[in-house]
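One structure is given below, encoded as structure tokens.
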There are 2 protein chains.
Amino acid sequence: MEIQGLPGRVLGELGPAIASGEIPEGAVLRGEELEERFGVSRTVVREAVRVLEGMRMVASRRRVGITVQPKSLWDVFDPMVIRWRLAGADRSAQLRSLGSLRMAVEPAAAALAALHASDDDRRELSSLAVELTVTARAADLTAFLGHDIAFHSLVLRASGNEMFAHLGDTVGAVLTGRTEYQLMPHQPEPYAIRLHREVADAICAGDAVQAERAMRTIVTGALAELEQQLG
Amino acid sequence: MEIQGLPGRVLGELGPAIASGEIPEGAVLRGEELEERFGVSRTVVREAVRVLEGMRMVASRRRVGITVQPKSLWDVFDPMVIRWRLAGADRSAQLRSLGSLRMAVEPAAAALAALHASDDDRRELSSLAVELTVTARAADLTAFLGHDIAFHSLVLRASGNEMFAHLGDTVGAVLTGRTEYQLMPHQPEPYAIRLHREVADAICAGDAVQAERAMRTIVTGALAELEQQLG
DNA sequence: ACAGCCAAAAAGTATGACGATTTGGTTTCC
DNA sequence: GGAAACCAAATCGTCATACTTTTTGGCTGT
């Protein structure tokens, strides 16, 4: 699901370098310089740069070169940008932003899911809530992470809103990042587990208000925990 | 703020054609075909296609061609994709999705703005609320639209969350679309105007709860109106 | 000091050649 | 007759090169 070939390789190095600030805002690169740096042809560099231009991270101007745009212009919703920022120096800022976004979106998605979810989705959700409980008790963090991601993604998808659905991967990246960087308790909180169960039950019962409330409690807790960890 | 040159022109025709469904999911294009269709060289076609690939609208495979990806894979948060869909056959679906997104994000943004807005932002917000009232009374729809966009963008920006801030343009596109396509009352509702004022006052007073409530009422109303208009 | 012009620098575009990979048919061998 | 191996064509991928266009900054002349 990544861009392939040499342009993909260039993108995969240049993107993170810019996202991390290693190549700072306002820096000017020349195409030829990039050709040498990556040992590829003009064609390849240009295609990679075009993609970066598409996400507003750089702008190319004749007689000047390729300018790194100010961060405020970047397409911060682009999954690549999010991944690059999560992997680099901007991690905390990115996690904070995403935390607020989850805070806004996930409760709304849970409410919509209670109204629109298919029977299959409801069943799957219930089953995931159970597995979540099991893996949490077993303190199997890897399996727990997988089920947690599946749970939140499913709620977002079941909301019936394509834009919410697309945030599934992003939320997944957040949860993964938080586990990887030790930003969560070693043992998942029993209280949080219970809340996941409540969300599932409420969605199954078609209770939008309750689903929204329980989900809000989950993401509020997650955000609070994050703030505490990040200081 | 658009991609320039020939690739930009190709993108500007090909993107909308795909977004509108004129070139349907699963369709396979050949590079050479596009060269002829647009009268440009390989270089140009390839760069445009790469950008589309970056937004996951197409995938290019050897010996096969350039395949239009299913809509569910597209980067639905990409501003270009949003614009193209708003301009084409998908308009209603896109407006609905964006409506739910606003419903989730704007109240949260208003609450954050009440906590984090700068003094300048608060002043500007107050002033915009006044101008909104004036232009609404004068039934000057164009000026009203401008102020409405500025108001909502400012709240999103003042939230202090970069991701919320980036939705400003998108919300602007929604409001513009709704005015252009006659999806709103000819005379702005006095009640809605009053609510904008309440949002501004609450943010100025640092009252997050009240700001969130008033903003929620605004977007709930907007969404209800939209659903009614779209049937 | 100012205006206008000119030249260099960098990206933009076009084109031809070749490489790599995938697909689908064809042949060959059981 | 079927299956496996092979081969050839189609198409994208990459490179190198030549030429064009735009922009900028300096130079020149008044």
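Atom set for the values below is all heavy atoms of this structure, side chains included, hydrogens, waters and symmetry mates excluded. All values reported here derive from a predicted model rather than from experimental measurement. Lettering of chains follows the sequences in order, A, B, ..., and the numbering in each one begins at 1.
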Could you check K71(A), R96(A), R85(A) and say which one makes a salt bridge (charged side-chain N to carboxylate O under 4.0 Å, His left out) with E162(B)? R85(A)

Lys/Arg-Asp/Glu bridge criterion (N-O < 4.0 Å) met for R50(B), E47(B): no

Result for 5'-nearest mapping on DNA chain D, choosing between R62(A) and E53(B), is E53(B)

Option from V49(A), V51(A), I18(A) for which side chain to side chain contact (heavy atoms under 4.5 Å, CB included) with M57(A) holds: I18(A)

L6(B) CG to dT15(C) P, straight-line distance once rounded to whole Å: 12 Å

Please give, in whole Å, the distance from dA11(C) C1' to R30(A) CZ? 12 Å

S41(B) side chain: which of dC15(D), dT13(C), dT23(C) is closest? dT13(C)

Can you tell me the distance, in whole Å, between the CZ atom of F38(A) and the C1' atom of dC15(D)? 18 Å

Classify R42(B) by what it touches in the nucleic acid, base, sugar-phosphate, or nothing, heavy-atom distance under 4.0 Å. base

Would a line drawn from the ring center of F151(B) to the ring center of H196(B) be shorter than 6.0 Å? yes

Does any N or O in the side chain of R102(B) come within less than 3.5 Å of the main-chain N or O of V171(B), such that one atom is a donor and the other an acceptor? no

With a non-hydrogen cut-off below 4.0 angstrom, is S60(A) in contact with a base, only sugar-phosphate, or nothing? sugar-phosphate

Using atom CD of E35(B) as one end and atom P of dT13(C) as the other, report the distance to the nearest whole Å. 14 Å

When rounded to whole Å, the CG to P distance for the pair L11(A) and dT14(D) reads 13 Å

Does a side-chain N or O from R46(A) land closer than 4.0 Å to OP1 or OP2 of dG12(C), or not? yes

Picking from dC12(D), dT13(C), dT14(D), the nucleotide nearest the side-chain atoms of P7(A) would be dT14(D)

Using atom CZ of R63(B) as one end and atom C1' of dG25(C) as the other, report the distance to the nearest whole Å. 10 Å

Nearest-angstrom distance from the residue atom CD of E47(B) to P of dC12(D): 16 Å

Rounded to whole Å, please give me the gap between CG in L29(A) and P in dA9(C). 19 Å

Judged by each residue's nearest nucleotide on DNA chain C, which is more toward the 5′ side, R61(A) or T43(A)? R61(A)

Are R50(B) and dT14(D) close enough that a side-chain N or O sits under 4.0 Å from OP1 or OP2? yes

